[in-house]
Amino acid sequence: MTVRPQPGRPAASRSSRPVMLGQNQYGKAENRVVKITREGATHHIKDLNVSVALSGDMEDVHYSGSNANVLPTDTTKNTVFAFAKEHGIESAEQFGIHLARHFVTSQEPIHQARIRIEEYAWERIPASDANSQFIGADEVKHSFVRQGQETRLTQITYDGERWEVVSGLKDLVVMNSTNSEFWGYVKDKYTTLPEAYDRILATQVAARWRFNWTDDEQRMPQWETSYKQVKKHMLEAFAETYSLSLQQTLYQMGARIINHRAEIDEVRFSLPNKHHFLVDLEPFGLKNDNEVYFAADRPYGLIEATVLRDGCEPRIPEDLTNL
């Protein structure tokens with residue numbers, strides 16, 4: 001008969017250890033949940049990728065293997081799907097808030113929950129005139145196509161008292177085919193780049209913005225409206241800025257958001273410069289009058305910065321890779 005070792009604290013005291021446990025967390029990552037809301041013949045889709053990370057009194061499971069304080073990661077997965085049914089998915093932010101509050105308030109050893117969510121957008125497929133007569137409506141209300149633009153993001157952190165909500169997007173590709181210049185820069189013996197007085201400016205936007213809603217006594221932002229408005233102001237600033245550098249455009253994008261959205265105190269951008277170089281067509285006897293470009297995917301310039309409301313401290317990490 002196999003005798004299983006019983007979890008317990010080792011004889012040596014923690015203070016006598018030459019090493020000690022540092023920051024730790026655990027949970028279930030990338031739970032893909034799709035929620036269909038049916039309003040008669042009209043359906044609505046929320047498509048989320050939810051990652052849960054929990055931290056708290058977890059020393060024993062690391063030191064001795066005792067699982068007495070451990071909520072299984074499989075349970076966190078099940079909670080995601082159950083909450084999609086019980087609470088619905090009004091927005092990625094609201095869904096994450098429900099989850100974070102549940103884990104911290106229902107499990108005494110859990111002191112903090114961090115919920116990260118990616119949202120994938122869908123739009124309806126319109127019916128053709130020929131088919132609408134058979135369906136009985138001008139619009140198919142249950143057929144969708146994945147939008148090929150950005151992925152929406154949010155991260156909710158809750159410690160039982162304070163909230164931190166950082167939302168954002170990634171993979172939003174934008175381009176200005178003119179109204180962009182780049183000249184007057186430092187030149188040394190390794191500089192070969194010619195100055196440009198009419199160039200393409202393109203980037204793939206990764207952005208995060210931090211809300212100033214931090215406790216339940218405050219009025220909660222309207223998450224869906226906020227996201228749509230932030231994206232609108234971001235794109236308007238990109239389109240309307242006559243750019244002398246991508247840094248200038250970045251600042252205008254962040255400033256437009258801060259100035260128009262009172263619920264946001266901080267915006268962080270990571271903008272790769274998607275270079276477009278004029279192709280030399282002279283060997284073929286052709287003149288290239290800013291018409292034909294080579295799109296280079298790498299190497300690329302990478303412009304990153306934070307834009308803050310006056311008097312606010314930065315809290316969004318400088319490296320967005322894991323946020």
Side-chain angles (χ1 to χ4, degrees), residues 23 25 27 29-30 48-55 91-97 99-100 104 111-119 150-159 161-174 203-215 218 220-238 246-273 301-323:
Q23 192 280 336
Q25 60 195 33
E30 300 202 34
L48 307 183
N49 190 16
V50 182
S51 295
V52 177
L54 308 176
S55 57
S91 67
E93 288 85 356
Q94 188 65 61
F95 188 63
I97 287 168
L99 287 169
V104 172
H111 298 168
Q112 179 172 290
R114 187 195 70 202
I115 313 296
R116 287 178 174 170
I117 299 177
E118 295 183 347
E119 179 175 347
E150 81 277 7
T151 298
R152 179 174 170 178
L153 308 166
T154 191
Q155 174 177 291
I156 295 93
T157 306
Y158 182 55
D159 63 4
E161 296 181 358
R162 304 281 291 179
W163 295 94
E164 182 180 80
V165 180
V166 177
S167 293
L169 55 81
K170 65 179 181 179
D171 299 330
L172 180 65
V173 180
V174 293
T203 186
Q204 183 170 315
V205 180
R208 307 291 189 276
W209 49 89
R210 180 173 55 83
F211 292 90
N212 49 39
W213 178 78
T214 57
D215 64 67
Q218 295 174 273
M220 189 179 294
Q222 295 181 328
W223 305 112
E224 294 292 280
T225 299
S226 181
Y227 180 84
K228 292 175 183 177
Q229 288 295 309
V230 167
K231 181 182 173 184
K232 178 178 83 75
H233 291 302
M234 183 190 307
L235 292 178
E236 287 177 351
F238 179 84
L246 185 51
Q247 287 92 330
Q248 177 194 17
T249 298
L250 179 154
Y251 179 79
Q252 291 300 322
M253 292 164 68
R256 184 82 66 101
I257 294 169
I258 296 294
N259 287 334
H260 285 85
R261 302 307 304 174
E263 73 273 22
I264 293 169
D265 281 349
E266 177 184 6
V267 186
R268 176 78 183 172
F269 287 104
S270 180
L271 303 183
N273 198 331
L302 182 59
I303 312 302
E304 299 178 307
T306 298
V307 182
L308 293 160
R309 190 176 302 281
D310 187 31
C312 295
E313 295 293 327
R315 296 180 59 89
I316 300 175
E318 293 180 4
D319 184 0
L320 299 182
T321 304
N322 293 314
L323 176 60

Item checked: Neighbour count >12 (heavy atoms, 6.0 Å) for atom CD, Q248 -> yes
Note to self: Within the structure provided, determine whether D171 and V173 are in side-chain contact (heavy-atom separation under 4.5 Å).
What the structure shows: no
Next item on the list: Can you see which heavy atom on T151 is nearest to which on E118, and at what distance?
Entry: CG2-CB, 3.9 Å
Next item on the list: For atom NZ of K232, decide whether the heavy atoms of other residues, nucleotides or ligands shown that lie under 6.0 angstrom number more than 12.
Entry: yes
Checklist line | Closest contact, heavy atoms only, I264 versus W209 | finding: CD1-CD1, 3.5 Å
Check: Which atoms form the tightest heavy-atom contact between F95 and I117, and what is the distance?
Finding: CD2-CD1, 4.3 Å
Check: Can you find a heavy atom in the side chain of D215 that is under 4.5 Å from one in the side chain of E161?
Finding: no
Item checked: Test side-chain contact (heavy atoms from CB on, under 4.5 Å) applied to E224 - qualifying residues, sequence neighbours left out -> K46, S91, R152
Checklist line | Nearest-0.5 Å distance that lies between atom CZ in F269 and atom CG in L320 | finding: 10.5 Å
Checklist line | Evaluation steps, ring-ring contact (aromatic ring centres under 6.0 Å, His included), between F211 and W163 | finding: CA-CA 10 Å; F211 292 90; W163 295 94; over 10 Å; no
Next item on the list: Enter the distance from T154:OG1 to L48:CG here, rounded to the nearest 0.5 Å.
Entry: 10.5 Å
Next item on the list: Identify whether the distance between the nearest side-chain nitrogen and carboxylate oxygen of R268 and E318 falls below 4.0 Å.
Entry: no
Check: Going from NE2 on H111 to CG on D159, what distance comes out if it is rounded to the nearest 0.5 angstrom?
Finding: 10.5 Å
Notebook entry, point to check: T157 versus Q112: any side-chain heavy-atom pair under 4.5 Å?
Noted result: yes
Notebook entry, point to check: Under the salt bridge (Lys or Arg N to Asp or Glu O under 4.0 Å) criterion, do R315 and E164 qualify, and how do the steps go?
Noted result: CA-CA 10 Å; R315 296 180 59 89; E164 182 180 80; 2.8 Å; yes
Notebook entry, point to check: Do the side chains of N273 and T203 get nearer than 4.5 Å, heavy atoms only?
Noted result: no
Notebook entry, point to check: Hey, what do you get for CD (E263) to CD (Q229), rounding to the nearest 0.5 Å?
Noted result: 9.0 Å
Show every donor-acceptor pair shorter than 3.5 Å between a side-chain atom in residues 250-259 and any protein atom, with sequence neighbours excluded, or say none if there are none.
from	atom 1	to	atom 2	distance (Å)
R256	NH1	E240	OE1	3.4
R256	NH2	E240	OE1	3.0
N259	ND2	A255	O	3.1

Check: Can you list the residues that meet the side-chain contact (heavy atoms from CB on, under 4.5 Å) rule with L308, with sequence neighbours excluded?
Finding: E266, T306, P314
Check: Side chains of I97 and W223: closer than 4.5 Å at any heavy-atom pair?
Finding: yes
Margin query: Nearest 0.5 angstrom please: L54 CG to Q25 CD, how far?
Written below: 9.0 Å
Item checked: Nearest non-hydrogen partners of M234 and L172, listed with the distance -> SD-CD2, 4.5 Å
Item checked: N/O donor-acceptor pair under 3.5 Å between N212 side chain and A262 backbone -> yes
Next item on the list: Considering non-hydrogen atoms only, spot the tightest contact between L271 and A206 and give its length.
Entry: CD2-N, 4.4 Å
Next item on the list: Provide the closest heavy-atom pair for L302 versus S270 in the form atom of the first, atom of the second, distance.
Entry: CD1-OG, 3.6 Å
Check: Would S51 and E30 count as having a side-chain donor-acceptor pair, cut-off 3.5 Å?
Finding: no
Note to self: Once rounded to the nearest 0.5 Å, what's the spacing between atom CD1 of I115 and atom CG of L99?
What the structure shows: 5.0 Å
